[in-house]
Amino acid sequence: MPALACVGAAVAPPGYALAWDGSLPAPGPFPGGAPTASTAAALEHVSLWSPDLSAALYKIDSWGAPYFSVNAAGNIAVHPYGASTLPHQEIDLTKVVRKASEPKSAGGLGLQLPLIVRFPDVLRHRLESLHSAFDFAIRSTGYGAHYQGVYPVKCNQDRFIVEDVVGFGAPFRFGLEAGSKPELLLAMSCLARGSPDAFLICNGYKDEEYVALALLARTLDLNVVIVLEQEEELSTVVETSRRIGVRPVIGLRAKLRTRHSGHFGSTSGEKGKFGLTTAQILSVARKLQLLEMLDCLQLLHFHIGSQIPSTALLVDGVGEAAQIYCELARLGAAMRVIDVGGGLGIDYDGSHSSGSDMSVGYGLDEYAEAVVRAVQYACDRKGVPPPILCSESGRALVSHHSVLIFEAVSSTAVAAVDPATALGPGLTYLLEDLPDDMRGDYRDLMEATFQFDCDKCLIYTEQLKRKCVEQFKDGLLGLEHLAAVDGLCELVAKEIGLAKPVKTYHVNLSLFTSIPDFWAIGQLFPIVPIHRLDQQPVVEGVLSDLTCDSDGKVDRFIGGRRSLPLHEFGGGGKEGGYYLGMFLGGAYQEALGGLHNLFGGPSVVRVTQSDGPHCFAVTQAVPGPSCADVLRAMQHEPELMFEALKRRAEESAARGGVVDAGAVATTLACAFRSMPYLVVGGETGGDGMSSDSEGCAGAAVAGDGGSYEEDEEWEFMRCLSV
């Protein structure tokens with residue numbers, strides 16, 4: 001029976017005594033009739049799901065290649081060596097998560113989710129691929145100098161990432177870029193164990209202490225270049241160098257005319273935040289000449305903007321900068337390096353398009369060739385020796401090697417409106433009782449529905465709902481009329497195939513801590529279930545985080561989707577929960593994440609490829625910040641808080657209260673030590689992926705056979721924690 005069959009003869013609901021003749025005909029079946037044999041065959045074909053279909057649905061082969069794929073078991077597989085990864089070297093991401101989160105008693109590491117999984121092998125491969133791309137472009141064009149890049153530590157200042165970059169990059173003279181005093185300190189420390197030729201590029205605004213620290217690094221035989229962001233910084237550099245007695249190596253950041261129009265291009269162009277204009281560049285060169293320090297000027301730096309969308313824009317910007325470089329050489333500066341800055345983008349949405357901030361229309365090889373040819377062309381025309389090529393490609397280096405894993409803890413959906421149940425037989429009466437203009441829209445909508453005219457249905461639905469809401473706000477319609485119109489529109493959408501309820505999946509995550517760029521600038525990241533990809537996802541869903549903030553949701557996804565195809569919640573079988581991964585988020589997200597609602601960062605594991613039975617080894621495991629850690633970060637003192645609460649419990653017990661002071665102290669201690677995120681399932685939940693922290697969280701909880709006093713005690717402790 002069609003859903004609209006309930007819109008039949010009008011019967012006045014309680015409270016409405018007006019007569020009605022029931023002249024509206026009951027709707028018949030929709031055109032098309034029962035499914036044909038070919039339609040049934042097509043539906044049967046769709047039901048035959050496979051991992052390859054999941055890979056296509058989530059575009060994994062587009063944004064994930066060559067590092068991620070779907071294996072035969074329906075799990076995300078990691079290829080640590082890119083396209084060179086052999087089948088037996090693939091790492092099953094679900095097995096990594098299970099190893100990290102299972103209790104120690106079951107052979108796991110006892111870490112609580114959310115979890116960041118780092119793959120240093122992928123980072124090494126990215127760095128080697130970047131160097132190989134430039135090396136090939138240099139050799140194929142006959143360029144007369146070499147490439148040596150730097151990693152801007154602001155992308156992710158994690159100690160082990162920076163140390164990996166320095167260690168993996170030592171054969172290529174790969175260096176670091178710092179933009180603040182603490183970043184300079186960590187760069188100095190790490191590069192002390194790196195290549196002696198590696199650059200340490202000092203960007204950012206500078207005071208005397210910053211400059212003195214950079215000059216001190218030169219006395220430690222580090223290859224430091226102080227890049228002037230403002231003309232005023234020159235006097236600070238000159239005076240500090242004279243006081244310390246260390247001659248500086250100076251670079252200039254040029255404010256180019258070239259810029260791109262996307263979000264990431266806002267720091268480029270003539271009105272950009274950083275850099276010197278052409279007049280200021282000439283002024284600095286003249287001052288250095290008067291000071292007999294023009295030989296100190298050796299590097300030109302510029303930045304078009306992150307995520308440069310096309311090589312055409314790249315060539316335009318590099319060509320402009322190369323001309324400035326050649327002019328500085330003509331003026332007598334001892335120029336030897338051109339630093340093209342950041343901008344080497346990655347393909348977040350797999351579209352390989354130059355028309356979006358979420359993608360780029362080139363790969364590493366095209367990028368490197370464009371830079372080499374643009375610089376070579378300018379230098380050849382001006383007769384200037386080609387400079388060393390440097391880039392600050394942080395996003396392209398570290399994005400792929402980190403995966404954020406989080407768990408869905410529940411799901412909800414807006415219940416479909418059932419007018420027959422909610423309004424009884426009075427639905428049609430209420431609709432016919434609408435004012436004349438709305439009643440006309442209602443009848444037009446019914447006619448369009450019976451004709452299966454989807455476009456007109458959408459128009460009349462929108463008109464009818466808008467007019468009805470306006471009249472309801474003015475007090476001219478009752479709540480029953482509003483419900484009747486909503487119910488009718490829901491039924492129409494269902495009949496013409498437009499209504500597909502979107503579920504909300506509640507995830508054990510803080511968006512503001514772990515994916516801040518989504519909230520702040522609308523940056524999209526690939527989000528995919530890491531398992532069950534051999535099953536067809538039958539739900540459209542959005543993700544809602546744990547924070548008490550309406551912005552704490554992910555409702556936009558790559559490919560222009562407003563919802564994400566997901567599997568029914570709770571069907572994980574032996575794998576337990578439902579686990580999703582956010583990919584390509586290794587740059588900026590950890591550094592920018594905050595402590596909204598005092599949710600701290602995730603747990604972290606480092607995983608390398610090995611020849612063992614599971615093809616991987618966890619080389620480091622770090623639990624996420626505890627409740628005590630995040631409280632300290634906001635100047636609270638957990639130890640004093642604990643003592644005050646424990647004393648309060650002891651005083652209550654001394655007055656004859658029902659609390660057990662010892663049990664309260666135990667529970668409070670566990671609460672301070674645990675992560676702020678939810679403990680899902682528990683050891684009795686059977687999901688096989690719970691952590692040891694669950695035992696701590698439940699240490700003072702009464703069992704199923706606990707007494708009333710024990711239940712009261714736990715309620716008291718729960719209130720204390722709130």
Side-chain angles (χ1 to χ4, degrees), residues 73 75-76 91-118 403-410 506-510 514 529-532 546 569-581 599-608 610 612-630 663 665-706 714 717-718 721:
N75 300 333
I76 292 290
I91 299 173
D92 189 315
L93 186 55
T94 304
K95 292 181 179 179
V96 173
V97 175
R98 188 178 300 120
K99 174 66 176 178
S101 60
E102 279 184 344
K104 293 179 180 178
S105 59
L109 300 174
L111 297 179
Q112 188 176 341
L113 270 63
L115 175 72
I116 289 177
V117 184
R118 302 203 203 281
V403 182
L404 173 68
I405 306 296
F406 51 96
E407 182 178 7
V409 296
S410 65
H506 304 283
V507 294
N508 200 7
L509 184 76
S510 166
S514 296
I530 67 168
H531 59 156
R532 296 178 62 184
L546 295 179
F569 184 78
K574 65 179 181 180
E575 293 177 356
Y578 191 52
Y579 299 90
L580 299 106
F599 287 109
S603 303
V604 180
V605 292
R606 283 165 53 88
V607 177
T608 60
S610 74
H614 298 298
C615 303
F616 70 88
V618 177
T619 60
Q620 184 187 41
V622 180
S626 66
C627 291
D629 294 330
V630 296
T666 300
T667 300
L668 287 172
C670 285
F672 278 112
R673 287 199 302 266
S674 67
M675 286 179 67
Y677 295 93
L678 302 183
V679 176
V680 181
E683 290 190 351
T684 61
D687 65 7
M689 299 181 78
S690 56
S691 72
D692 273 2
S693 62
E694 297 163 9
C696 178
V701 183
D704 292 340
W714 175 245
M717 290 183 276
R718 187 193 66 80
S721 68

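Side chain of Q112 to main chain of L678: a donor-acceptor pair is present (N/O by atom type, distance under 3.5 Å, no hydrogens or angles). Within the 3.5 Å criterion, the main-chain N or O of A621 finds no donor-acceptor partner in the side chain of S603.
The minimum heavy-atom distance between Y677 and N508, with the atom names listed, is CB-OD1, 3.5 Å. Across all their heavy atoms, A671 and S674 have their closest contact at O-OG, 3.1 Å. Minimum interatomic distance between F569 and A408 (heavy atoms only, all atoms of both residues): CE1-O, 3.1 Å. Nearest heavy-atom pair across T94 and H531 is OG1-CB, 3.6 Å. Smallest separation of non-hydrogen atoms from G581 and V403: CA-CG1, 4.5 Å.
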Before you tell me yes or no, could you show the steps for S101 and E407 under side-chain contact (heavy atoms from CB on, under 4.5 Å), namely the whole-Å CA-CA distance, both residues' side-chain angles and the distance that decides it to 0.1 Å?
CA-CA 11 Å; S101 60; E407 182 178 7; over 6 Å; no
Kindly indicate, with the supporting measurements, whether the criterion side-chain contact (heavy atoms from CB on, under 4.5 Å) is fulfilled by D92 and H614.
CA-CA 8 Å; D92 189 315; H614 298 298; over 6 Å; no
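Put simply, OG1 on T667 and CZ on F672 are 12.0 Å apart, with the number rounded to the nearest 0.5 Å. A distance of 13.0 Å separates CD1 of I405 from CG of L111, quoted to the nearest 0.5 Å. Between atom CG of residue L115 and atom OH of residue Y579 there is a gap of 10.5 Å, rounded to the nearest 0.5 Å. Atom CZ in R673 sits 9.5 Å away from atom OG in S626 (nearest 0.5 Å). Put simply, CG on L93 and CZ on R98 are 11.0 Å apart, with the number rounded to the nearest 0.5 Å.
Residues L404 and L509 meet the side-chain proximity criterion, which asks for heavy atoms closer than 4.5 Å. You'll find the side chain of P676 reaches within 4.5 Å of the side chain of V630, heavy atoms only. Residues M675 and F599 are not in side-chain contact: their nearest non-hydrogen atoms beyond the backbone lie 4.5 Å or more apart.
Qualifying side-chain hydrogen bond (donor to acceptor under 3.5 Å, both in side chains) partners for S510, counting only residues two or more places apart in sequence or in other chains: T513. Residues meeting the salt bridge (Lys or Arg N to Asp or Glu O under 4.0 Å) test with D629, sequence neighbours left out: R632. Legend: residues meeting side chain to side chain contact (heavy atoms under 4.5 Å, CB included) with T608, ordered by chain and number and at least two apart, are P120, D121, A617, T619.
Applying the side chain to side chain contact (heavy atoms under 4.5 Å, CB included) test between V117 and each of I91, V604, V607, I530 identifies V607 as the sole match.
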